[in-house]
Amino acid sequence: QVQLLESGGGLVQAGDSLRLSCAASGGTFSGYAMAWFRQAPGKERAFVAAISWSGGNTVYADSVKGRFAISRDNAKNTVYLQMNSLKPEDTAVYSCAAAASPFVRLPPQDDYKYAYWGQGTQVTVSS
């Protein structure tokens, strides 16, 4: 059973940067796409970014494109989300997820295609 543990959240000011980490354990990490989703208070969970199993393909939500970068280190079973130029509207609980199917070339953006989820880490951006 894959377990995911996020870290790196916190309270920052607009314009600051944060790097989130998601450490995987209990299963095979390297063969699966990974993604970050976020959920703001009163809103539905939203896709943020995803990376293919090899790291060769990435996809981003339009709202974070050019500001956020997803990466992975398969040797460390860890996926990262570098968040720059943070805005108050980025405030949310950020969760990482591992895809249900292995070796998919294009990382999916739909949350139902992810089988394993972390508990989330809070990111708060003040104006």
Side-chain angles (χ1 to χ4, degrees):
Q1 182 77 2
V2 175
Q3 294 183 323
L4 304 174
L5 182 64
E6 302 95 336
S7 61
L11 171 63
V12 296
Q13 293 186 335
D16 286 350
S17 298
L18 274 178
R19 188 176 82 154
L20 305 183
S21 299
C22 172
S25 61
T28 302
F29 172 81
S30 59
Y32 293 82
M34 299 291 295
W36 288 93
F37 289 80
R38 66 187 181 185
Q39 187 165 19
K43 296 187 177 181
E44 293 186 352
R45 183 165 58 195
F47 170 79
V48 176
I51 187 166
S52 62
W53 64 275
S54 67
N57 289 299
T58 57
V59 61
Y60 297 91
D62 288 343
S63 59
V64 306
K65 203 171 294 183
R67 299 188 298 123
F68 290 13
I70 189 171
S71 62
R72 66 189 296 161
D73 185 337
N74 286 342
K76 295 182 178 180
N77 289 349
T78 302
V79 63
Y80 305 97
L81 184 68
Q82 178 66 43
M83 305 186 294
N84 300 323
S85 302
L86 282 161
K87 304 175 181 180
E89 52 263 44
D90 294 319
T91 294
V93 174
Y94 285 71
S95 299
C96 68
S101 300
F103 303 116
V104 176
R105 186 175 66 87
L106 295 177
Q109 301 182 45
D110 303 298
D111 58 1
Y112 70 88
K113 294 183 178 179
Y114 289 87
Y116 304 98
W117 293 81
Q119 85 292 345
T121 185
Q122 177 71 47
V123 172
T124 304
V125 185
S126 64
S127 57

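FYI, side chains are in, hydrogens and waters are out, and symmetry mates aren't considered; it's all heavy atoms of this structure.
- A disulfide bond (SG atoms under 2.5 Å apart) check over residues 53-127, counting only residues at least two apart or in different chains, returns the pairs C22-C96.
- Residue L11 is found outside any hydrophobic cluster, as its side-chain heavy atoms come under 4.5 Å of no other Ile, Leu, Val, Met, Phe, Trp or Tyr.
- Grouping the Ile, Leu, Val, Met, Phe, Trp and Tyr side chains by contacts below 4.5 angstrom, directly or via other members, places V2 with F29.
- The cluster map of Ile, Leu, Val, Met, Phe, Trp and Tyr, joined by side-chain heavy atoms under 4.5 Å apart, puts L18 and V93 in different clusters.
- Sorted by first then second residue, the salt bridge (charged side-chain N to carboxylate O under 4.0 Å, His left out) pairs that include residues 40-51, not counting sequence neighbours, are R45-D111.
- Residues D90 and M83 have side chains not in contact (no heavy-atom distance under 4.5 Å, counting atoms from C-beta outward).
- Listed here is the closest heavy atom pair of A40 and A92: N-CB, 3.8 Å.
- When all heavy atoms are compared, the tightest approach of V79 to W36 is O-CZ2, 3.9 Å.
- Applying the side-chain hydrogen bond (donor to acceptor under 3.5 Å, both in side chains) rule to pairs touching residues 8-27 yields S17-N84, sequence neighbours excluded.
- The side chain to side chain donor-acceptor pair (under 3.5 Å) search around S30 returns none, not counting sequence neighbours.
- Sequence neighbours left out, not one pair with a member in residues 62-89 passes ring-ring contact (aromatic ring centres under 6.0 Å, His included).
- In this view, F37 and F47, Y114, W117 satisfy the ring pair (Phe, Tyr, Trp, His ring centres under 6.0 Å) rule, not counting sequence neighbours.
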For a quick test of your reading: what N or O donor-acceptor pairs under 3.5 Å do the side chains of residues 53-64 make, sequence neighbours left out?
{"residue": "S54", "atom": "OG", "partner": "G56", "partner atom": "N", "Å": "3.1"}
{"residue": "N57", "atom": "ND2", "partner": "R105", "partner atom": "O", "Å": "3.1"}
{"residue": "Y60", "atom": "OH", "partner": "I70", "partner atom": "N", "Å": "2.9"}
{"residue": "D62", "atom": "OD1", "partner": "K65", "partner atom": "NZ", "Å": "3.1"}
{"residue": "S63", "atom": "OG", "partner": "R38", "partner atom": "NH2", "Å": "3.4"}

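- The two atoms that bring A24 and L4 nearest to each other are CB-CD2, 3.6 Å, heavy atoms only.
- Minimum heavy-atom separation, S127 to A14: CA-CB, 4.4 Å.
- Using a distance-only test at 3.5 Å, with no hydrogens or angles considered, no donor-acceptor pair links the side chain of T91 to the main chain of T124.
- Under the salt bridge (Lys or Arg N to Asp or Glu O under 4.0 Å) criterion, K87 pairs with no residue at all, not counting sequence neighbours.
- Scored by the side chain to side chain donor-acceptor pair (under 3.5 Å) test, E89 finds no partners at all (sequence neighbours excluded).
- Cluster membership check: Y116 shares its hydrophobic cluster with M34, using side-chain heavy-atom separations under 4.5 Å among Ile, Leu, Val, Met, Phe, Trp and Tyr.
- In terms of heavy-atom proximity, N74 sits nearest to R72 at OD1-NE, 2.8 Å.
- Partners of D73 under the salt bridge (Lys or Arg N to Asp or Glu O under 4.0 Å) rule, at least two apart in sequence or in another chain, do not exist in this structure.
- Shown here are the side chain to side chain contact (heavy atoms under 4.5 Å, CB included) partners of S85, two or more places apart in sequence or in another chain: R67.
- Rounding to the nearest 0.5 Å gives a distance of 12.0 Å between CD of Q122 and CD of E6.
- Of all the heavy atoms in A50 and P108, the pair that sits closest is CB-O, 3.7 Å.
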